Protein chains: 2
Amino acid sequence: MTDRRIQKSNRALLDASFQVLLKNPHASLSEVAKQAEVGRATLYRHFPTRENLIKAIAIESLQLIKNSMTPIVTSDLQGKAAIHRMVKVLLPIADRFHFLQMIWTLVEFDQQVWRLYEEQMATIKCWILQGQRQGVLNPDLAADWIVSVLDSMLYSASWIIANNMMETTQIEQQLLQTLFEGIQSNEA
Amino acid sequence: MTDRRIQKSNRALLDASFQVLLKNPHASLSEVAKQAEVGRATLYRHFPTRENLIKAIAIESLQLIKNSMTPIVTSDLQGKAAIHRMVKVLLPIADRFHFLQMIWTLVEFDQQVWRLYEEQMATIKCWILQGQRQGVLNPDLAADWIVSVLDSMLYSASWIIANNMMETTQIEQQLLQTLFEGIQSNEA
DNA sequence: CCTTTTTGAGACAGTATTGTTTCATATCTT
DNA sequence: AAGATATGAAACAATACTGTCTCAAAAAGG
């Protein structure tokens with residue numbers, strides 16, 4: 001039915017562009033095509049404009065994030081346990097967060113992308129409010145602030161991983177520790 | 001001695017470019033010149049290349065940060081108290097951090113800029129190690145991780161302030177609370 | 001007041017990128 | 001195997017931005 005060539009090119013382009021634009025958001029589409037081992041014309045056939053390409057990556061990233069989170073949503077995990085689990089699940093795809101954060105200022109997205117984004121944020125916020133009601137999370141902290149911190153810590157972690165400054169498992173442990181208990185010494 | 005026009009144009013250009021490029025790193029130099037109420041030719045007379053302009057903003061930002069931090073360095077504050085104070089001092093200029101973080105991937109800086117940056121980071125890292133030795137900061141956390149978290153939390157705060165989502169004083173309090181004690185409820 | 005210097009406006013060439021189109025070739029589907 | 005379709009290479013126009021230059025006007029300094 002569907003031509004295998006199309007799928008192959010599409011995949012190669014999505015992977016390559018993510019890889020290239022993550023490193024350098026200014027990269028020309030020639031570079032992307034080259035990295036994807038695909039002709040420049042083919043790139044334009046698949047993604048008519050640059051914005052179109054970036055949007056496709058954004059949607060794929062958000063979809064990836066969503067797919068990682070739904071198992072947690074459908075499970076009966078709540079509050080702290082849910083957040084704990086979420087961090088573990090999202091850390092491996094933290095570079096997707098990085099990408100979204102990076103292009104956020106460069107491209108104006110349409111409703112579709114925003115909806116996906118808001119949806120994920122709403123889910124996280126919901127867990128936080130739940131945790132606060134249950135008394136496991138500090139109710140003095142604004143939910144928006146906590147969401148933002150979570151976001152930026154994942155970003156930090158992704159950056160450290162990308163630069164090979166620490167091992168993934170160690171980062172995971174340190175992130176959770178810091179997020180829940182802060183940087184203060186336990187004994188203090 | 002020095003022509004007042006030069007200083008005036010220079011200041012206007014530095015302010016305008018920071019403002020414009022913070023919003024949109026892609027903005028053309030025409031937009032910058034327009035915002036600065038200065039001719040495009042004048043912009044090029046002051047800053048021969050785009051990179052040159054961005055570098056100037058980066059240096060000014062780093063200098064600003066440095067000037068904010070030196071009073072703390074020369075004081076005898078240490079460990080937690082020093083970090084506490086630092087957060088308070090840096091929060092008002094968090095948008096400078098935001099800017100640096102934003103352009104970091106877009107421009108390759110020369111030694112001068114790197115030195116200034118490394119210098120600030122080293123100072124912060126020094127305080128953290130000190131705090132860990134004194135037992136006020138969790139010694140299990142990597143100093144690099146803590147620096148990174150600090151950085152990203154300031155970024156979060158700056159973003160929230162920029163979007164008028166919370167008041168500055170409240171953010172300051174929440175940032176310190178989260179940084180030191182995490183998001184966990186005290187009673188938990 | 002007179003000289004020097006900066007400025008703004010505009011024209012200008014150079015360059016890079018975008019996006020389109022064509023056509024022969026290779027690869028798929030049936 | 002045969003027809004349909006995606007692809008690569010290349011040429012192409014259009015655009016946008018960069019960086020340079022000139023010149024008259026404005027503003028500074030002594």
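All values reported here derive from a predicted model rather than from experimental measurement. Naming: A, B, ... by sequence-line order, numbering from 1 per chain.
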Just by modelled atom types, is the [Y] backbone N or O under 3.5 Å from a matching donor or acceptor in the [X] side chain?
X        : Y        : value
A:Gln101 : A:Tyr155 : no
A:Gln132 : A:Asp140 : no
A:Thr74  : A:Pro71  : yes

Next on the checklist: Please give me every residue in residues 34-54 of chain A whose heavy atoms get under 4.0 Å of an atom in DNA chain D, ordered by residue number.
Outcome noted: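 Output list: A:Glu37, A:Val38, A:Gly39, A:Arg40, A:Ala41, A:Thr42, A:Arg45, A:His46.
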Next on the checklist: Any residue in residues 5-17 of chain A with a heavy atom nearer than 4.0 angstrom to DNA chain D? Just list them by number, or reply none.
Outcome noted: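 Contacting residues: A:Arg5, A:Ile6, A:Ser9.
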For the residue pair [X] and [Y], what are the closest heavy atoms and their distance?
X       : Y       : answer
B:Asp95 : B:Pro92 : OD1-O, 4.1 Å
B:Ala56 : B:Phe47 : CB-CE2, 3.6 Å
B:Leu29 : B:Leu43 : O-CD1, 3.5 Å
A:Ala27 : A:Arg50 : O-NH2, 2.9 Å

Checklist entry - Does any pair with a residue in residues 63-92 of chain A pass salt bridge (Lys or Arg N to Asp or Glu O under 4.0 Å), and if so which ones, sequence neighbours excluded? => result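 Of all non-adjacent pairs touching residues 63-92 of chain A, those that pass salt bridge (Lys or Arg N to Asp or Glu O under 4.0 Å) are A:Lys66-A:Glu119, A:Lys88-A:Glu172.
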Checklist entry - Less than 4.0 Å between a side-chain N and a carboxylate O, is that true for A:Arg11 and A:Glu60? => result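 So A:Glu60 pairs with A:Arg11 through a salt bridge.
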Next on the checklist: Parallel, tilted or perpendicular, judged at 30° and 60°: which one describes the rings of B:Trp114 and B:Trp104?
Outcome noted: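 Plane angle over 60°, so perpendicular.
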Item to check | Axis-to-axis angle between the two ends of the helix from C:dC1-D:dG30 to C:dT30-D:dA1 (five base pairs per end, rounded to 10 degrees) | outcome: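 The angle separating the two end axes equals 50°.
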Item to check | Outermost nucleotides of DNA chain D that come under 4.0 Å of a non-hydrogen atom of chain B | outcome: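 Taking any atom under 4.0 Å from a heavy atom of chain B, the span is D:dC17 to D:dG30.
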Checklist entry - Taking the six-membered ring where the residue is Trp, are the ring centres of B:Trp159 and A:Trp145 under 6.0 Å apart? => result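 Not close enough - the centres of the two rings lie 6.0 Å or further apart.
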Item to check | Spacing of A:Ile93 atom CD1 and A:Phe99 atom CZ [to the nearest 0.5 Å] | outcome: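 Going from the CD1 atom of A:Ile93 to the CZ atom of A:Phe99 covers 14.0 Å.
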Using a 4.5 Å cut-off on heavy atoms from C-beta on, say whether the side chain of [Y] contacts that of [X].
X        : Y       : result
A:Lys8   : A:Asp3  : no
B:Arg40  : B:Lys34 : no
B:Phe180 : B:His84 : yes

Item to check | Nearest-nucleotide 5' precedence on DNA chain D, B:Arg4 against B:His26 | outcome: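 Its nearest nucleotide being more 5', the pick is B:His26.
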Next on the checklist: What range of DNA chain C does chain A touch, first nucleotide to last, counting atoms under 4.0 Å from its heavy atoms?
Outcome noted: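 From 5' to 3', the first and last contacting nucleotides are C:dT17 to C:dT30.
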